[in-house]
Amino acid sequence: MAIFSVYVINKAGGLIYQYDNYVPRTEVEKTFSFPLDIVLKIHDDKVVVSFGQRDGIRVGHAVLSINGVDVNGKNTAEGKEILEYLKDASNYPVSIRFGRARLSSNEKLMLASMFHSLFAIGSQLSPEAGSSGIEMLETDMFKLHCFQTLTGIKFIVLADPRQSGIDALLRKIYEIYSDFALKNPFYSLEMPIRCELFDQNLKSALEIAEKAGTFGPGS
Amino acid sequence: MTVHNLYIFDRNGTCLHYSEWNRKKQAGISKEEEFKLMYGMLFSIRSFVSKMSPLDMKDGFIAFQTSRYKLHYYETPTGIKLVMNTDLGVPNCRDILHQLYSTVYVEYIVKNPLCMLGETLQSELFSSRLDSFIRALPFFSVRAA
């Protein structure tokens, strides 16, 4: 039971705060000999598996490191192109680590804006009058909860599907936002939140929520 | 507890079938635009979910809910997408949509030599079987709660 991450989106759809609490990393490292039986391709400036799923290496996994050294986009740490490097038989045997690619900050910004639009479309396509936007989105691996305030700020929490008490957590995060971001005289509205007290209190609220506690009036 | 409406899309985004039982509010745009918007929204949600997911996904996006309705989604390996809007009291519908696909769609459309792929479903038998399947669901009532 875990809370994976928290996102805060402003009125215009821009991401103003993001925190990764717990990100499970499934990574597989294996040694390969020439020729490589996994088909790789370049996607979004990363080298990903396109065919040849086996032994925990799934389609869509990215190359994270070669021979223990982390890769840099589609080049190795020394600057050589990964695909060229792996076509050369003299470089084998080689140990490659595959795993789900981490989201870069740019990708997180884009995903937050995408969700902002999907939230609005969910409300537009409603078969019933007076519907809000998407409040909860469910998949088999995670549940995304969203709370939109009266001022248009959205608080988004990604958690395990079995985690309970997220509604109270969202209200608590709103309370922490109004106490430590809005009351901070150096914070400008709709701008990225860079307040230390906000970070600290958010972390402790997430710990309490994970332990399935409730928030008292004074906490 | 009730079912509002049901959409069936094929892999190219064509809406093969749409029926409604209890819809209170129209979208304010024409039906073709609504189908395109719904398909586009689902396509974007699937892409969003595959990027955001912390672990490798098996089934993918299952459902979402707002303050007034819940949208259930089921996609077959051939790209046929079944989308059902119900009210909030309804639990997970994935099995029901799977059953709908296997007992109604496969029986009356796939096994029908006159039904062409990629065209809207004209079969009267399919429409009436679909309608009776939905009406027989335990959570369906004519008037919404």
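Lettering of chains follows the sequences in order, A, B, ..., and the numbering in each one begins at 1.
- When all heavy atoms of Leu125(A) and Leu37(B) are compared, the pair lying nearest together is CD2-CD2, 3.9 Å.
- In Arg54(A), the CZ atom is crowded: over 12 heavy atoms of neighbouring residues, nucleotides or ligands sit closer than 6.0 Å.
- Against chain A, no residue from residues 71-82 of chain B qualifies, as none has a non-hydrogen atom under 4.5 angstrom away.
- With a threshold of 4.5 angstrom between heavy atoms, Ser117(A) does not approach chain B through any atom at all.
- Counting heavy-atom pairs under 4.5 Å between each of Ile134(A), Ile121(A), Leu103(A) and chain B puts Ile134(A) at the top.
- A 6.0 Å sphere centred on NZ of Lys46(A) holds more than 12 heavy atoms belonging to other residues, nucleotides or ligands.
- With respect to chain A, the highest number of heavy-atom pairs below 4.5 Å among Gln65(B), Arg23(B), Lys70(B), Met41(B) belongs to Gln65(B).
- The contact between Leu158(A) and chain B is made entirely by side chain atoms (from C-beta outward), counting heavy-atom distances below 4.5 Å.
- Between Ser67(B) and Ser132(A), the shortest heavy-atom contact is OG-N, 3.0 Å.
- Both the backbone and the side chain of Met136(A) come within contact range of chain B, judged by heavy atoms closer than 4.5 Å.
- Residues of residues 105-133 of chain B lying under 4.5 angstrom from chain A, judged on non-hydrogen atoms, do not exist here.
- Thr66(B) and Ser131(A) get closest at one heavy-atom pair: OG1-OG, 2.8 Å.
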Table please: side-chain donor-acceptor pairs of residues 88-96 of chain B below 3.5 Å, with sequence neighbours left out.
unit_1, atom_1, unit_2, atom_2, d
Asn92(B), OD1, Arg94(B), N, 3.0

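- Considering only heavy-atom pairs separated by less than 4.5 Å from chain B, the leading option among Ser126(A), Ala101(A), Gly122(A) is Ser126(A).
- Glu128(A) and Lys25(B) make their closest contact through O-CD, 3.7 Å (heavy atoms, listed as atom of the first residue, atom of the second, distance).
- In terms of heavy-atom pairs under 4.5 angstrom with chain B, the leader among Met110(A), His61(A), Glu135(A) is Glu135(A).
- Residues of residues 42-61 of chain B placed with any heavy atom under 4.5 Å of a heavy atom in chain A are listed by number as Ser44(B), Ile45(B), Ser47(B), Phe48(B), Val49(B), Ser50(B), Lys51(B), Met52(B), Ser53(B), Pro54(B), Leu55(B), Asp56(B), Met57(B), Lys58(B), Asp59(B), Gly60(B), Phe61(B).
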